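Taking it in order: structure first as structure tokens, then the write-up.
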Amino acid sequence: MSATLFSLTFVVAAPFWALMILLPNWTVTHRIIRSPLIVVPAVVIYAILVIPAFAEVLPAVFDPSLDAVRELLGTADGAAAAWAHFIAFDLFVGRWAWLDSRERKVPPLVMAPVLLLTILLGPLGLAAYLAVRTRWAGPTAPTSTA
């Protein structure tokens, strides 16, 4: 079952990545991606893998050690759960970067490689976007007139 869930995890996230990268100016893309619920399928897969193993997972996360985490991730279920964790968080970060880039008017051709980097190496994609976003001004807050 873990092999199936491992494979399914990217399948449930890929359509959202495709929308952000390939159809960034489509109004339907914005309507779909603005919902944080796009990560729910990956979260459900994660829960299916982690909840039955709570007794093994909790000690490893409450008092983590390299050996305990290595042992936990060294199983098929542990690796599949870690993959679902990565996919869910990478998608959430990619979603945030995409929405923020739309507000800042960052060109889609600039964002496409950033989003690909986020898919492949999440934290490096986040770092790339944090660097990219400094080149475009954010939306200005409305000024109040008194």
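Hydrogens, waters and symmetry mates are skipped; everything else that's a heavy atom, side chains included, is used. The shown structure was predicted, so the numbers you read here are calculated from the model rather than taken from an experiment. Residue indices begin at 1 and follow the sequence shown.
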Run Trp96 and Tyr129 through ring pair (Phe, Tyr, Trp, His ring centres under 6.0 Å) and show every step you take.
CA-CA 10 Å; Trp96 168 80; Tyr129 183 65; 5.5 Å; yes

Going hydrophobic residue to hydrophobic residue with side-chain gaps under 4.5 angstrom, can you get from Trp83 over to Phe92?
yes

For the student: nearest non-hydrogen atoms of Leu91 and Ile38, plus distance:
CD2-O, 3.7 Å

In this structure, would Val39 and Val50 fall into the same cluster of hydrophobic residues linked by side-chain contacts under 4.5 Å?
no

Closest heavy-atom pair, Val43 versus Ala88, reported as atoms and distance to 0.1 Å, is CG2-CB, 4.1 Å

Could you check if a side-chain atom of Val44 sits within less than 4.5 angstrom of a side-chain atom of Val40, using non-hydrogen atoms only?
yes

Where Ile48 and Leu5 come nearest, the two heavy atoms and their spacing
CG2-CD1, 3.7 Å

Once rounded to the nearest 0.5 Å, what's the spacing between atom CZ of Phe10 and atom CD1 of Ile87?
6.0 Å

Single-linkage hydrophobic cluster Leu19~Leu116, side-chain heavy atoms < 4.5 angstrom:
yes

Point-to-point distance, once rounded to the nearest 0.5 Å, from CZ of Arg95 to CG of Asp90
14.5 Å

So, for Thr134 and Leu130, which heavy atoms are closest and what is the spacing to 0.1 Å?
CG2-O, 3.3 Å

Minimal non-hydrogen separation, Ala60 against Leu72, with atom names
CB-CD2, 3.8 Å

Within 6.0 angstrom of Trp17 CH2, more than 12 heavy atoms from elsewhere
yes

Geometric cation-pi criterion Arg133 and Trp136, 6.0 Å radius, 45° cone:
no

Would you say that Ile119 contacts Ile21 through its side chain, given a criterion of any heavy-atom pair below 4.5 Å between the two side chains?
yes

Determine whether Val61 and Tyr46 fall in the same hydrophobic cluster, where Ile, Leu, Val, Met, Phe, Trp and Tyr are linked whenever their side-chain heavy atoms lie under 4.5 Å apart.
yes

Between Ser2 and Leu49, is any pair of side-chain heavy atoms under 4.5 Å apart?
yes

